[in-house]
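Here's the structure we're looking at; comments come further down.
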Amino acid sequence: MAGTDKRLIIVSNRLPVVIHRSDVGDWEIRPGAGGLVTAMAPVLRDRGGLWIGWPGTVTEDDVDLDPLLRSATRDSGYELSPVVLTMEQKLNYYRGFANEIIWPLFHDLQSRCRFEPAYYYTYRAVNHLFAEKIVHHAGPDDFVWIHDYHLMSVAMELRAMRQANRLAFFLHIPFPPLDIFLKLPWRYQVLRDLLAHDLLGFQTQRDRRNFVQCVRALIKDARVGSKGLRTTVHLEGRDIHAGVFPIGIDFDQFARDAASQEVSEEAWYLHEHEPDRKIYLGVDRLDYTKGIPEKLRAFRDALRRFPQLHERIVLFQLVVPSRWEIPEYADLKTEIERLVGKINGEFSRAGWAPVQYFFRSLERRELLALYRTAEVLLTTPWKDGMNLVAKEYCACNVDESGVVILSEFAGALAQMHRSSLQVNPHDIEGMAEAIFQAYAMTLEERRERMRRLRQSIRRQNVFWWVDSFLEAAIERRLDSFPHVEEYVPRPDLP
Ligand code: ADP
Ligand code: G6P
């Protein structure tokens, strides 16, 4: 395995666990949600190391974190080191700069950005705090791997502190095209900060190409050269490499757990309540990038246009609570609930409600049972770095007969486009047709497609991802950048 002698230090805004106050006022620990945590936890379990991140509490909470974090990592094989923020830092850095500027901007939604200068200054201050934490822990041979858009300036802070470790960064979300990135008031600074790393990893070719285009346009003294799928930027006497490393999942673990007796029983029980019906499944964090209202409208359109679907299909839409304090997220919840009510009001009959809606964080067993038993996965984000839900569904589809309907703008499509049904998440009628197509598809075709999907997701799993990244970063094997296809939509009919 690549770079096994080096200690791995993972740095991300979130630790794999969140500490929060329970309904009765006690401090509790629960697993974090989101693709970053799901992907990185098995990597650290496998290799050991240290994970630096924010546990979700603020200084003002005055909570004793040590016993809680110790209990969370007792059998995990790695250590956690918390960075605690003040309330002001949480608001301006996490909620403000990360989630009200970079998150919408990098998902092409500049009109949702609040370019508040105070956000940026706190972002820098918190990135400095993370850098200090790294300096405190890192030995000269440790490999420091920084993750995601919350921490784009940590490496520059480390360089200013004369920290000499090799530094690598992986962006879990998309990188926007030049004309959108240009809107960022701190565009030069953020790009230069990213270029303080030695290796930059992106999810798709689209993201790497956008980044390279921004560097070419905005960093005057950078010399940029591309060879195959790798780009090298020469700047101030250093070489910075940028490549595409599509993140994977711990496929075997998901498949094993989905096949367990406990999950099988739960799956059977879920389907028993929907006899002779196909279950369509949606699993999304509450987020406007996930396209949940459009998905519901498409489901309604399918029921209107294809009456043969009545009583024959049901949509289980699971929405995982997320970024709750941001008003837009709360508004989205209201919109989703209103739509679910309208659809059920229009079509329900005795014994059949077309949409079953869950707004809560399910136990892993329940989530896996849903993945295992659902006949169709419907995942239609406007834009998504990868979308691990699509890969997890395939891993758990141990009967190999499910269908994946996937957005053209999810990073996962690059690896899954040959065997899924692709949709434009803004095309309500097109999505409705895909919903019908999935319903009508023969068992033979479903099996053929699902087998191919499972093969490629098993091969390009999270350990393949981490090995190819570490080979490129630590062993400097620049020939080991994986070959990743690019998805290009079908041309217009002649
Ligand atoms: P994002 O990272 O934007 O949330 P992804 O689809 O890449 O989107 O990842 C979502 C992750 O959240 C998946 O790994 C999924 O298993 C996980 N997840 C889904 N439901 C829950 C839940 N109830 N609790 C914790 N994690 C969940
Ligand atoms: C996405 C981001 C992660 C983030 C997760 C959950 O997956 O890429 O960095 O942790 O969403 O969001 P939250 O704001 O709760 O950390």
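For ligands, and for the atoms within them, numbers begin at 1 and follow the listed sequence.
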**Prompt:** atom 20 (N) of ligand 1: which protein heavy atom is closest, and how many Å away?
**Reply:** V320 CG2, 3.4 Å
**Asked** Does CD belonging to E363 count more than 12 external heavy atoms closer than 6.0 Å?
**Response** no
**Message:** Tell me the protein heavy atom at minimum distance from atom 12 (O) of ligand 1, and give that distance in Å.
**Reply:** G34 N, 3.3 Å
**Item:** Heavy-atom nearest option to atom 23 (N) of ligand 1, drawn from V37, L362, I247, L368
**Value:** L362
**NZ/NE/NH1/NH2 to OD/OE distance under 4.0 Å, R95 and E325** = no
**Message:** I'd like to know if R285 pairs up with D384 as an ion pair, taking the criterion as any Lys NZ or Arg NE/NH1/NH2 lying under 4.0 Å from an Asp or Glu carboxylate oxygen.
**Reply:** no
**Asked** Any chance CD of E272 has more than 12 other-residue heavy atoms, nucleotides or ligands included, within less than 6.0 Å?
**Response** yes
**Message:** Checking a contact table here: which protein heavy atom is nearest atom 6 (C) of ligand 2, and how many Å away?
**Reply:** A33 O, 3.6 Å
**Fill in**
Taking only non-hydrogen atoms of R285 and a 4.0 Å limit, the atoms of ligand 1 in range are 1 (P), 3 (O), 4 (O)
**Prompt:** Under 3.5 Å, side chain of E100 to main-chain N/O of C113, donor-acceptor pair present?
**Reply:** no
**Request:** Give a yes/no verdict on a cation-pi contact between R323 and W103, requiring under 6.0 Å between NZ or CZ and the six-membered ring centre and an angle within 45° of the axis.
**Result:** yes
**Request:** Heavy-atom distances under 4.0 Å are what count here, so tell me which part of I173 touches ligand 2: side chain, backbone, both or neither.
**Result:** side chain
**R364 to F254 six-membered ring, cation-pi geometry met (6.0 Å, 45°)** = yes
**Request:** Around atom 11 (O) of ligand 2, find the nearest protein heavy atom and jot down its residue, atom name and distance.
**Result:** R323 NH2, 3.2 Å
**Message:** As an exercise, identify every atom of ligand 2 less than 4.0 angstrom from a heavy atom of H150.
**Reply:** 9 (O)
**Prompt:** For ligand 1, which atoms sit closer than 4.0 Å to a heavy atom of G35?
**Reply:** 1 (P), 2 (O), 4 (O), 7 (O), 9 (O), 10 (C), 11 (C)
**Fill in**
In ligand 1, the atoms that come under 4.0 Å of a heavy atom of K290 are 1 (P), 3 (O), 8 (O)
**Message:** Testing H271, R446, K278 one by one against E375 for a side-chain hydrogen bond (donor to acceptor under 3.5 Å, both in side chains), which residue passes?
**Reply:** H271
**Fill in**
Among non-hydrogen protein atoms, atom 7 (O) of ligand 2 lies closest to G35 N, 3.5 Å
**Request:** Look at atom 5 (P) of ligand 1 and say which protein heavy atom is nearest, naming residue and atom and giving the distance to 0.1 Å.
**Result:** L388 N, 3.5 Å
**Item:** T38-ligand 1 polar pair, N/O distance under 3.5 Å
**Value:** yes
**Fill in**
Of all protein heavy atoms, the one nearest atom 9 (O) of ligand 2 is D148 OD2, 2.6 Å
**Asked** According to the interplanar angle, ranging from 0 to 90°, do the rings of Y120 and W186 count as parallel (below 30°), tilted (30 to 60°) or perpendicular (above 60°)?
**Response** parallel
**Fill in**
ligand 2 atoms nearer than 4.0 angstrom to some heavy atom of L36 are 9 (O)
**Prompt:** Does the distance from a Lys or Arg side-chain N to an Asp or Glu carboxylate O, for K90 and E60, drop under 4.0 Å?
**Reply:** no
**Asked** Taking atom CZ of F358 as the centre, does the number of heavy atoms from other residues, nucleotides or ligands within less than 6.0 Å exceed 12?
**Response** yes
**Prompt:** Parallel, tilted or perpendicular: which fits the ring planes of F169 and H197, with parallel below 30° and perpendicular above 60°?
**Reply:** tilted
**Asked** Does an N or O anywhere in V283 fall below 3.5 Å from an N or O of ligand 1?
**Response** no
**Asked** When you measure from atom 16 (O) of ligand 2 to every protein heavy atom, which one gives the shortest distance, and what is it?
**Response** R14 NE, 2.8 Å
**Request:** Answer with yes or no whether M386 contacts ligand 1, where contact means a heavy atom under 4.0 Å from a ligand atom.
**Result:** no
**Carboxylate-amine/guanidinium contact E408 R206, below 4.0 Å** = no
**Asked** Are N13 and D148 close enough that some pair of their side-chain heavy atoms sits under 4.5 Å apart?
**Response** no
**Item:** Which of the ligand 1 atoms, numbered from 1, are nearer than 4.0 Å to a heavy atom of S361
**Value:** 22 (C), 23 (N), 24 (N)
**Prompt:** So, Y121 and N92: side-chain donor and acceptor under 3.5 Å apart, yes or no?
**Reply:** no
**Request:** For N387, counting its heavy atoms only, list the atoms of ligand 1 lying under 4.0 Å from any of them.
**Result:** 6 (O), 7 (O)
**Item:** Element-labelled atoms of ligand 1 that are located less than 4.0 Å from some non-hydrogen atom of V389
**Value:** 6 (O)
**atom 14 (O) of ligand 2: the protein heavy-atom neighbour that sits closest, reported with distance to 0.1 Å** = Y94 OH, 2.5 Å
**Request:** Could you establish whether P31 and ligand 1 come within less than 4.0 Å of each other, counting only heavy atoms on the residue side?
**Result:** no
**Complete:** A student checking ligand 2 against R285 at a 4.0 Å heavy-atom cut-off should list atoms 1 (C), 6 (C), 11 (O)
**Asked** Under a 4.0 Å N-O cut-off, is there an ion pair linking R124 with E157?
**Response** yes
**Prompt:** Should H147 be listed as contacting ligand 2, given a heavy-atom distance under 4.0 Å as the test?
**Reply:** no
**Asked** Does ligand 1 have a heavy atom under 4.0 Å from the side chain of L367, from its backbone, from both, or from neither?
**Response** side chain
**Atoms of ligand 1 close to E392 [distance to a heavy atom under 4.0 angstrom, numbered from 1]** = 13 (C), 14 (O), 15 (C), 16 (O)
**Asked** Hey, does L36 come in under 3.5 Å of ligand 1, counting only N/O atoms on both sides?
**Response** no
